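Note on naming: letters A, B, ... go to the chains in the order of the sequence lines (proteins, then strands), and numbering restarts at 1 for each one. Please read these numbers as outputs of a predicted model, since none were measured by experiment.
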Amino acid sequence: MPEIPDDPAMFSDPQLSGTRITVEEHIVYSPTFQVPAFYFTASDSSGAPLPLPQVIRSTLFHLPLPLSTLSIHQHTVDLPGTSSDLPDPDPDPAPLPLLTQGEHPTTGRACWYIHPCETSAAVKELLDHRAAPIIEGWEVEWLRVWFVILGRVIYLRSS
Amino acid sequence: MPIVQFVPFSSSVHPSFWHELTKLKIDVLKLDSSRVPITASYTAGKTVLDRETGNEIGLGCHLTLGEDAFKVDASRPAKHATKISGTLINFNTIEEFKSSDKAALFNDLADKFWSSVSAAATSSSSTTSPPPQLNTFLLLTFADLKKYKYYYWFAFPAFMASPPWEIADPGWGLAEDAFGREGLEGVREQLGGLEGQDGGAEGSFLVRRGKEGYEVGRLGEWAEFFADVPEEDRVVAFLDPSSTLNPGWPLRNLLSHLSSLQPGKPLALNILSWRDTELPTGNKRWASRYGRISLPGATAELEGKRPTAVGWERNAAGKLGGRMADLAPMMDPTRLADQAVDLNLKLMRWRILPSLDLEKVSSTRCLLLGAGTLGCYVARTLMGWGVRNITLVDSGKVSFSNPVRQPLFDFEDCLDGGKPKAACAAEHLKKIFPGINARGIEMAIPMPGHPIPPSEVEKVKSTVKELEELYDTHDAVFLLMDSRESRWLPTVLGTAKNKYVMNAALGFDTYLVMRHGPRQGTAPPADAPEQPTHARLGCYYCNDIVAPSDSLTDRTLDQMCTVTRPGLAPIAASTAVELLVSMIQHPLGYTLIFAPPSSGKDDEEGHSVLGAVPHQLRGFLARFNSMTIIGAAYDRCTGCSDLVVKAYEKDGFSMIQRACDETGFLEELTGLKELYKESEAAMEAVDWDEDDAEGDF
């Protein structure tokens with residue numbers, strides 16, 4: 001153990017207000033489902049990955065339902081969706097049901113991601129509610145709606 | 001006046017740094033623990049709005065290590081970030097990491113570093129001289145590559161000023177108040193043009209008031225820049241990673257540098273703690289801070305010695321010690337396999353059957369009696385369901401005909417007389433999925449009709465004991481042997497101990513899959529729904545009126561080898577597993593004695609969430625169909641009747657021994673013998689009318 005001289009000039013803050021987590025977010029094209037998918041990693045200041053319950057309770061998520069109504073498992077969580085075992089199912093649920101862990105398609109590293117199998121249907125549903133169908137530039141509109149749906153569960157604002 | 005307090009760096013490591021270190025150690029360093037140059041970076045201190053309380057929370061004072069740490073020359077830091085170079089020493093064992101002479105390493109670095117900080121080049125012709133490196137760090141590591149745990153300890157050397165710097169009233173104020181918003185905008189704009197050599201943000205710079213607002217200049221051009229500026233108007237600025245009132249660690253060495261230029265002279269400086277690399281949004285004030293600090297008396301002449309250096313990082317508990325990053329959850333392949341298998345099952349549950357209870361299935365401990373064709377396919381299907389505990393029992397060795405039909409064996413397993421089947425199968429399960437808890441036991445189960453030679457009695461006795469213990473430590477038993485009589489003892493034990501018993505048997509192109517009924521008098525689980533009263537479901541032997549006996553001697557070769565159509569075993573085996581799982585999903589479990597013929601409707605009585613839970617299935621491959629059958633328990637059954645079970649419980653091994661040794665023992669015990677006598681007598685008593693040959697047909 002190194003000898004440490006007395007250092008009155010070092011500021012030591014006894015209260016640590018919260019934990020700092022580093023989140024890396026990716027938008028990756030899923031060739032299987034042919035839609036974009038939202039991938040992210042969350043680690044603490046040592047570089048260790050955060051376990052799922054901590055990830056869900058972090059400020060990354062802002063869920064329309066209280067946490068107690070979600071079934072949080074070791075590696076997966078059923079986000080508000082069409083699951084009928086919710087006590088009071090949202091009549092217009094955000095269809096992003098399965099948050100889980102898998103491999104990033106490019107880097108191969110373990111990542112959390114929102115399973116894309118329901119994405120197409122969810123976006124289509126919102127697009128269909130529009131008055132006039134968009135033909136030109138529909139991809140951008142599609143992406144915008146995708147962000148809206150994602151934003152229902154993930155906190156996407158920058159500050 | 002109060003002493004200036006500096007907020008120390010706290011380390012923030014990105015997981016990719018550990019991945020890179022792992023690669024470096026494996027490919028390059030190996031056992032070399034010499035110093036490796038690395039870089040880290042920091043950005044301006046930030047605050048965020050706490051959505052719940054509405055307060056602004058500081059994000060700390062961080063030095064970040066990412067995946068480009070090892071690319072010393074090539075990497076460009078992120079915009080608005082300043083890079084600093086440091087030294088990594090990776091130890092090869094945890095002992096070396098712990099016992100390394102930290103003081104020596106630290107002092108060694110501090111000595112070298114002092115010459116960089118104090119050797120000032122602020123001559124007037126210094127437009128091209130590189131700015132001195134004013135900050136560095138030391139990182140000691142030990143990488144446990146088997147467990148994916150990284151032990152580490154940072155030190156951020158800073159030289160202590162003695163006596164310490166003091167800050168004038170009113171302390172650290174907002175820069176906006178001192179310079180005005182426009183003034184700060186001007187500083188920010190000009191900073192953009194004053195990029196660091198590597199394209200990153202400038203770590204320190206100078207500010208003076210010019211004709212049209214404030215102007216910025218390089219630290220190395222001090223004399224030139226401040227030539228016409230009175231001392232009290234000179235401003236020294238630095239990129240401040242601190243997010244709270246006090247300035248961050250990098251300021252310390254900047255001050256050491258400046259005071260080393262004029263040793264012995266009292267100094268006073270205006271400090272701009274620059275934190276506005278991004279424009280403030282909305283009504284937010286500029287984050288930068290400003291204060292006037294001074295060295296009260298003369299610093300002692302050092303005579304070539306460097307000032308004391310401090311800077312070891314404290315661990316999470318606030319003590320002096322290393323930290324540890326546990327990356328196993330994301331790097332350990334066994335855990336990744338585990339998670340992937342789980343995900344697969346969860347998807348099924350989530351997408352199709354939310355009420356499926358996967359935990360119940362995966363926690364069922366399965367005992368497979370027989371590691372042949374049926375055993376291998378049952379084991380694999382169970383693994384597909386996430387079952388984590390599988391024990392296989394078989395007395396045989398792998399033979400050359402096995403691998404093509406028994407998917408847990410390879411050609412190699414047949415050589416040299418053949419590996420023991422049960423253990424070999426278990427090993428193979430582990431190769432397929434390392435997370436499985438698989439065991440193989442070589443055991444020959446005693447059978448009725450096969451008397452136990454006296455020399456073997458002790459051995460068989462302990463075999464039976466071992467089998468009983470296996471039953472006690474498992475929840476479901478699969479009877480997958482290749483003869484009738486070998487299923488007798490397992491049936492008795494299964495009934496006595498009330499386990500899930502699944503029976504599968506193969507003919508040439510027909511199969512039987514069934515679940516044994518519960519022991520007589522078993523009550524259903526307390527919270528289970530009521531079931532209509534039915535006769536107890538029977539076992540494999542309930543329809544027999546003869547006790548199982550020796551069927552193996554005197555068979556022809558094809559009878560002995562149980563020749564079957566190859567496609568039959570997988571069908572029967574997987575059916576047996578699916579039947580078990582469906583039964584497990586039912587709240588009544590194995591006490592379910594109600595098994596209506598399946599009509600395919602989901603919510604019928606006697607159905608689980610997966611569908612029907614038939615009692616018996618007989619399959620006919622020649623017709624590609626199967627039928628469900630119900631067989632009631634027979635109260636004189638040699639396998640599951642109360643008479644037999646109670647006799648076993650009372651007399652234990654001696655009862656089993658008698659069943660194996662004595663012909664007719666089981667018939668006598670169950671009263672079948674009586675039954676024969678009665679039916680013989682009844683046959684005798686019938687007065688066959690010999691004349692009525694034509695009769696009414």
Query raised in the report: Counting a contact as any heavy-atom pair under 4.5 Å apart, which residues of residues 242-256 of chain B contact chain A?
Result: N246(B), W249(B), R252(B)
Requested in this report: Mind listing the closest non-hydrogen atom pair of R109(A) and H19(B) along with its distance?
Outcome: NE-ND1, 2.8 Å
Requested in this report: State, with a plain yes or no, whether a side-chain heavy atom of S46(A) is found less than 4.5 Å away from one of V13(B).
Outcome: no
Query - Heavy-atom contact with chain B under 4.5 Å, split by part of E24(A) - result: side chain
Query raised in the report: Within a reach of under 6.0 Å around CD of E359(B), are more than 12 heavy atoms found that belong to other residues, nucleotides or ligands?
Result: no
Requested in this report: Against chain A, label F6(B) side chain, backbone, both or neither, depending on which of its atoms sit under 4.5 Å from a heavy atom there.
Outcome: both
Query raised in the report: Considering only heavy atoms, which portion of Y148(B) lies under 4.5 Å from any heavy atom of chain A: side chain, backbone, both, or neither?
Result: neither
**Report entry** Pick from R323(B), R314(B), K149(B), Q5(B) with the largest number of heavy-atom pairs that fall under 4.5 Å of chain A
**Finding:** Q5(B)
Query raised in the report: Non-hydrogen atoms of chain A under 4.5 Å away: do they reach the side chain of V310(B), the backbone, both or neither?
Result: side chain
**Report entry** Best-contacting candidate, D326(B), I3(B), L105(B), against chain A by heavy atom pairs under 4.5 angstrom
**Finding:** D326(B)
Requested in this report: Count the heavy-atom pairs under 4.5 Å between each of D7(A), D44(A), T22(A) and chain B, then report the option with the highest count.
Outcome: D7(A)
Requested in this report: Give the minimum heavy-atom separation between P5(A) and A309(B), together with the two atoms involved.
Outcome: CG-O, 4.4 Å
Query raised in the report: Distance-only, no hydrogens or angles: does the R20(A) side chain make a donor-acceptor pair with backbone N or O of L59(B) under 3.5 Å?
Result: yes
Report task. Hey, could you give me the CD1/OG1 distance between I57(B) and T59(A), rounded to the nearest 0.5 Å? Result -> 9.0 Å
